[in-house]
There are 2 protein chains.
Amino acid sequence: MEDKKLRSRIREISGFYADKGRMPSFSEVGKLVGLRSKNAVSKLVKRLEALNVLARDEKGRLVPGSIAYPVKMLGTVEAGFPSPAEEELADTLSLDEFLIGNRDATFLLRVSGDSMSGAGILPGDMVLVDKGRSPGSGDIVIAEVDGEWTMKYLKKRGGSVTLLPANPAYEPIRPKKELKIAGVVTAVVRKYK
Amino acid sequence: MEDKKLRSRIREISGFYADKGRMPSFSEVGKLVGLRSKNAVSKLVKRLEALNVLARDEKGRLVPGSIAYPVKMLGTVEAGFPSPAEEELADTLSLDEFLIGNRDATFLLRVSGDSMSGAGILPGDMVLVDKGRSPGSGDIVIAEVDGEWTMKYLKKRGGSVTLLPANPAYEPIRPKKELKIAGVVTAVVRKYK
DNA sequence: CTTGACAGTGAACGTTCGTTCACTTTATAA
DNA sequence: TTATAAAGTGAACGAACGTTCACTGTCAAG
């Protein structure tokens with residue numbers, strides 16, 4: 001089969017999965033790509049399995065392969081963009097899987113102050129916070145000090161604890177009494193436009 | 001049913017979906033949560049539909065509801081963490097859906113220089129680049145100037161084009177001849193640890 | 001104690017699923 | 001042109017699916 005036709009069929013199936021969150025059945029694949037025979041679909045599926053576009057369960061049911069990982073990972077900025085042929089071979093990645101370690105315990109918070117701008121966390125950014133992780137020295141944490149919530153570097157030295165901003169305009173915080181650490185920042189996400 | 005039992009059942013089903021990338025069948029749900037009758041499963045599914053945990057196609061097939069959006073979105077850092085009861089009502093979000101606009105045209109590049117550190121893009125960060133978007137003035141772009149790839153602010157003034165770093169240690173670039181813009185940076189992602 | 005609502009069982013049923021087989025059409029190369 | 005492989009058709013088939021119905025156990029309220 002021409003490469004182009006196969007490509008467009010893969011795109012159809014990916015689109016279906018992205019839309020609905022489930023894989024199409026064989027007959028649905030047929031309608032999607034314009035095949036009237038389920039046998040033809042069966043052959044197509046075998047090819048897509050070989051290409052890791054989709055796969056099968058231990059129960060034999062269709063599950064997404066690279067389809068589930070929507071973004072292609074290339075090299076570095078300096079390397080620029082590879083040729084289209086190389087692009088096809090690129091690893092694909094799901095940001096959800098990449099960024100979220102502990103599904104049930106991670107949350108998304110919007111950043112409003114600029115006290116961590118020195119660490120590349122700007123107002124308006126979103127941070128992923130893991131509530132279930134034990135904070136270590138050097139981690140960026142969400143903490144409640146004397147009734148107020150902030151995001152700061154956590155520094156432990158000896159027995160004492162300091163909350164350190166990443167902006168010289170702010171002062172380090174040495175909590176008087178209460179210091180509740182609600183979670184550790186595990187990722188930062190910024191969307192433009 | 002006790003809330004706790006229902007909660008754990010939802011977790012089972014979410015886990016199945018996260019693992020396999022597909023929803024379980026009714027009998028599989030049965031095994032998962034410990035129900036031997038498909039009728040019992042049917043009743044459970046109706047409840048979960050009402051809770052938007054899962055939903056159904058126009059074809060009546062199970063599709064993920066909030067399950068597909070793995071991270072709970074809360075307020076701002078200053079607001080801290082709400083009480084567990086409020087947490088349950090939080091909107092959930094898929095980072096893939098949130099960050100990726102143009103599925104087929106967006107790619108992930110790793111940042112290696114510090115020329116954009118003033119814009120909160122540090123070495124080691126990942127940037128999402130949309131190849132299919134027409135770059136506007138003020139956008140951060142991936143460009144090839146005189147054979148080298150860089151990431152810079154794009155400034156258009158009159159007919160001339162300048163590439164502006166966000167770090168005073170670097171000089172603005174006024175391309176002599178060739179300037180290929182490969183894509184627009186649509187998001188930044190940083191993972192700690 | 002009785003009633004009723006709720007959670008679950010087990011079986012029957014029609015539908016849809018994916019596999020398979022024999023066959024036809026289309027394209028490629030000798 | 002003829003041979004040959006690849007791409008697709010259409011139908012048959014058993015298995016699994018989700019729906020539905022009649023029924024059982026449990027527990028709290030009247």
Side-chain angles (χ1 to χ4, degrees), chain A residues 1-68 85 88, chain B residues 1-68 85 88:
Chain A
M1 194 194 300
E2 318 113 65
D3 211 45
K4 201 177 144 191
K5 202 165 166 191
L6 184 59
R7 212 71 71 74
S8 94
R9 286 179 169 180
I10 293 176
R11 225 174 303 122
E12 286 295 334
I13 296 175
S14 299
F16 187 102
Y17 184 77
D19 264 20
K20 310 234 195 187
R22 69 167 174 91
M23 291 298 276
S25 73
F26 276 48
S27 6
E28 286 171 326
V29 172
K31 266 175 212 158
L32 233 40
V33 306
L35 288 174
R36 273 183 287 191
S37 164
K38 285 206 272 179
N39 179 33
V41 175
S42 182
K43 289 176 184 173
L44 173 61
V45 165
K46 280 197 186 94
R47 298 232 268 140
L48 298 184
E49 279 186 73
L51 294 172
N52 277 319
V53 170
L54 47 81
R56 279 164 188 269
D57 270 320
E58 52 294 348
K59 286 189 75 172
R61 317 203 7 153
L62 287 188
V63 292
S66 61
I67 282 179
E88 293 303 322
Chain B
M1 194 194 301
E2 319 111 66
D3 212 47
K4 202 177 143 191
K5 201 165 165 191
L6 184 59
R7 212 71 71 74
S8 95
R9 286 178 170 183
I10 293 175
R11 226 173 303 122
E12 286 295 334
I13 296 174
S14 299
F16 187 102
Y17 184 78
D19 263 22
K20 308 237 195 183
R22 68 166 175 93
M23 291 297 277
S25 73
F26 276 49
S27 5
E28 285 171 326
V29 172
K31 266 176 212 157
L32 234 40
V33 307
L35 288 175
R36 272 183 287 190
S37 164
K38 285 205 270 178
N39 178 34
V41 175
S42 182
K43 289 175 185 174
L44 173 62
V45 165
K46 281 197 186 95
R47 298 231 269 140
L48 298 184
E49 279 186 72
L51 294 173
N52 277 320
V53 170
L54 46 80
R56 279 165 188 268
D57 269 321
E58 51 294 349
K59 285 189 76 173
R61 312 193 24 142
L62 287 188
V63 291
S66 60
I67 283 178
E88 293 302 323

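Values below: every heavy atom of this structure, side chains too, minus hydrogens, waters and symmetry copies. Proteins come first, then strands; the chains are lettered A, B, ... in the order of their sequence lines, and each starts at number 1.
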Here the distance between atom C1' of D:dA6 and atom CG of A:N39, to the nearest Å, is 12 Å
Please give me the minimum heavy-atom distance between A:P24 and A:V29, naming the atom from each residue. CG-CG2, 3.5 Å
Please report the distance, rounded to the nearest Å, between CG in A:L44 and C1' in D:dT9. 15 Å
Round to the nearest Å and state the distance from A:R47 atom CZ to D:dA5 atom C1'. 13 Å
Is there a side chain to side chain contact (heavy atoms under 4.5 Å, CB included) between B:S42 and B:K46? Walk through the geometry before answering. CA-CA 6 Å; B:S42 182; B:K46 281 197 186 95; 3.8 Å; yes
Return the minimal non-hydrogen interatomic distance between A:Y17 and A:A68, and the atom names on each side. CE2-CA, 4.3 Å
Distance in angstrom units between A:K43 NZ and D:dA5 P, rounded: 14 Å
Please determine if a side-chain N or O atom of A:K46 lies less than 4.0 Å away from the OP1 or OP2 oxygen of D:dA6. no
Could you state the CG-C1' distance from B:L6 to C:dG8, rounded to the nearest angstrom? 15 Å
A:I67 to A:M23 - nearest heavy-atom pair and separation: CD1-CE, 4.4 Å
Under 4.0 Å, heavy atoms only, any strand: does A:K59 hit a base, just the sugar-phosphate, or nothing? sugar-phosphate
Closest non-hydrogen contact found for B:L62 with B:F26 is CD1-CE1, 3.9 Å
Between C:dG18 (P) and A:D57 (CG): distance, integer Å: 12 Å
Does a side-chain N-to-carboxylate-O contact under 4.0 Å join A:R22 and A:E28? yes
Does a nitrogen or oxygen in the side chain of A:R61 sit under 4.0 Å from OP1 or OP2 of D:dA16? no
Can you list, in residue-number order, the parts of residues 12-38 of chain B that come under 4.0 Å of DNA chain C, counting heavy atoms only? B:L35, B:R36, B:S37
Please figure out whether A:G60 or B:A40 has its closest DNA chain C nucleotide nearer the 5' end. B:A40
Starting at CZ of A:R9 and ending at C1' of D:dA6, how long is that distance when rounded to a whole Å? 12 Å
Which pair of heavy atoms, one from B:P64 and one from A:G21, lies closest together, and at what distance? CD-O, 3.6 Å
